[in-house]
Engineer: 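One structure, pasted below without further comment.
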Amino acid sequence: MPADETTKIGNYRGTTVNEVHVHTVYDAPVAARGVLRWDLLHLDGRRLEGGRRSVALRPGESRRHVTVPVAAAMATHGRDHLYLRIALDVADRTVSEETVFLAPPRFLALPRGRIRTRARAVGRGGREVDVTFQSAVFQHRVHFDLPGVVHEASDNFFELYPNEPRTVRVSLARPLTPKAVLARLRTGSLVDTYA
């Protein structure tokens, strides 16, 4: 497709995506090395392609490291069924992660799936609980709440990638058992807002 060709779906008119440029922006005061990972995935769970690259991170530097071609995959699978997962690891720890869609989220064929949860107490006399979330399918912008329970969480509105657990530390204003936390826990994701 020519770079200036456009697609029209419903009332949306947008430019066709042929490639995605992956950049790092590094704001730490000391240089580091990292590993940049990317995967082009189908919403049905298939990994279509991907890679990894060792990268140098310099203070105050924005740099493009990789260009991921997506036109062929879009022609085969359709833009509404694909997403790009990008992550940066430094010292064997994921320090940044993002999901890139090739279409506006409202057009995505996001899968519906159950979010499974488990919890365990961690220190502070019942006032800290690790809650682990997991789903068999990709869940975009998972969110949770504990109605009636004053709490703080280490994360909220996160991605759940298929069969990869995500643990969030929840600090409670008053002690609760893990079982009581799970009984009050309410979860959802973007797909739950679809009619």
Side-chain angles (χ1 to χ4, degrees), residues 22 24 28 32 34-52 77 80-195:
V22 181
T24 58
V35 175
L36 184 63
R37 299 180 282 120
W38 64 95
D39 293 293
L40 184 61
L41 301 154
H42 194 287
L43 285 170
D44 68 9
R46 287 180 287 160
R47 180 181 183 266
L48 304 175
E49 61 183 83
R52 52 192 302 123
H77 303 284
D80 298 355
H81 301 281
L82 302 175
Y83 66 100
L84 185 66
R85 178 182 181 182
I86 302 167
L88 177 66
D89 301 329
V90 175
D92 296 321
R93 188 173 140 257
T94 301
V95 296
S96 182
E97 189 168 48
E98 192 56 66
T99 300
V100 177
F101 295 128
L102 307 176
R106 70 180 180 270
F107 294 128
L108 296 177
L110 290 173
R112 290 192 180 275
R114 182 171 160 248
I115 298 173
R116 296 180 310 278
T117 56
R118 63 183 187 272
R120 70 177 187 89
V122 288
R124 290 192 51 202
R127 292 181 52 191
E128 284 190 341
V129 176
D130 278 352
V131 179
T132 301
F133 301 82
Q134 190 168 348
S135 174
V137 299
F138 173 65
Q139 298 276 335
H140 179 58
R141 298 299 185 237
V142 170
H143 55 274
F144 69 92
D145 194 16
L146 292 166
V149 177
V150 178
H151 67 282
E152 292 181 6
S154 63
D155 202 357
N156 213 336
F157 294 95
F158 49 85
E159 308 290 63
L160 273 184
Y161 298 104
N163 302 310
E164 289 186 24
R166 174 85 173 228
T167 300
V168 175
R169 174 77 41 98
V170 179
S171 300
L172 306 162
R174 63 180 178 85
L176 284 176
T177 65
K179 185 176 179 178
V181 168
L182 291 177
R184 290 169 173 80
L185 187 69
R186 301 294 175 263
T187 62
S189 71
L190 182 66
V191 75
D192 297 315
T193 66
Y194 291 5

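Bear in mind the structure is a predicted one, so any value in this text is a computation, not a measurement. As a basis for the values below, the full set of heavy atoms in this structure was taken, side chains included, without hydrogen atoms, waters or symmetry mates.
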Engineer: Roughly how far, to the nearest 0.5 Å, is the CD1 atom of Ile115 from the CZ atom of Arg186?
Structural biologist: 13.0 Å
Engineer: How about CZ on Arg116, more than 12 heavy atoms from neighbouring residues, nucleotides or ligands closer than 6.0 Å, or not?
Structural biologist: yes
Engineer: Where is the tightest heavy-atom contact between Ala87 and Thr94, given as atom of each residue plus distance?
Structural biologist: CB-CG2, 4.3 Å
Engineer: Could you tell me the separation between the CD atom of Glu97 and the CZ atom of Arg85, rounded to the nearest 0.5 Å?
Structural biologist: 4.5 Å
Engineer: Distance check, rounded to the nearest 0.5 Å: Asp80 atom CG versus Leu108 atom CG?
Structural biologist: 6.0 Å
Engineer: Is the number of heavy atoms from other residues, nucleotides or ligands under 6.0 Å of Arg52 CZ greater than 12?
Structural biologist: no
Engineer: Report yes if the side chains of Val131 and Val181 come closer than 4.5 Å at any heavy-atom pair, otherwise no.
Structural biologist: yes
Engineer: Nearest heavy-atom pair of Pro111 and Leu43: which atoms, and what distance?
Structural biologist: CG-O, 3.7 Å
Engineer: I want to check something: taking the side chain as every heavy atom from C-beta on, are Leu176 and Val129 in contact at a cut-off of under 4.5 Å?
Structural biologist: no
Engineer: Assess whether side chain to side chain contact (heavy atoms under 4.5 Å, CB included) is satisfied between Trp38 and Leu40, documenting all intermediate values.
Structural biologist: CA-CA 7 Å; Trp38 64 95; Leu40 184 61; over 6 Å; no
Engineer: Would you check, one step at a time, whether the test side chain to side chain contact (heavy atoms under 4.5 Å, CB included) holds for Leu102 with Leu84?
Structural biologist: CA-CA 8 Å; Leu102 307 176; Leu84 185 66; 5.5 Å; no
Engineer: Evaluate side chain to side chain contact (heavy atoms under 4.5 Å, CB included) for Val168 paired with Phe158, printing each intermediate quantity in order.
Structural biologist: CA-CA 10 Å; Val168 175; Phe158 49 85; 3.8 Å; yes
Engineer: Enter the distance from His81:NE2 to Leu41:CG here, rounded to the nearest 0.5 Å.
Structural biologist: 14.5 Å
Engineer: What are the two closest heavy atoms between Thr193 and Leu190, and how far apart are they?
Structural biologist: OG1-O, 2.6 Å
Engineer: Got a salt bridge between Arg120 and Asp130, using NZ or NE/NH1/NH2 to carboxylate O under 4.0 Å?
Structural biologist: yes
Engineer: Return the minimal non-hydrogen interatomic distance between Val90 and Ala32, and the atom names on each side.
Structural biologist: CG1-CB, 4.4 Å
Engineer: With a 3.5 Å cut-off and sequence neighbours excluded, list the donor-acceptor pairs that the side chains of residues 138-146 form with protein atoms.
Structural biologist:
unit_1	atom_1	unit_2	atom_2	d
Gln139	OE1	Ser189	OG	2.6
Gln139	NE2	Gly113	O	3.2
His140	ND1	Glu159	OE1	2.9
His140	ND1	Glu159	OE2	2.9
Arg141	NH1	Glu159	OE1	3.4
Arg141	NH2	Glu98	OE2	3.4
His143	ND1	Arg141	O	3.4
His143	ND1	Gly188	O	3.3

Engineer: If you look at every heavy atom in His42 and Tyr83, which pair is closest and at what distance?
Structural biologist: O-CE2, 4.1 Å
Engineer: What are the two closest non-hydrogen atoms of Ala121 and Pro178, and how far apart are they?
Structural biologist: N-CG, 3.4 Å
Engineer: Going by heavy atoms in the side chains, are Gln134 and Leu160 under 4.5 Å from each other?
Structural biologist: no
Engineer: I need the Thr132 OG1 to Arg166 CZ distance, nearest 0.5 Å.
Structural biologist: 11.0 Å
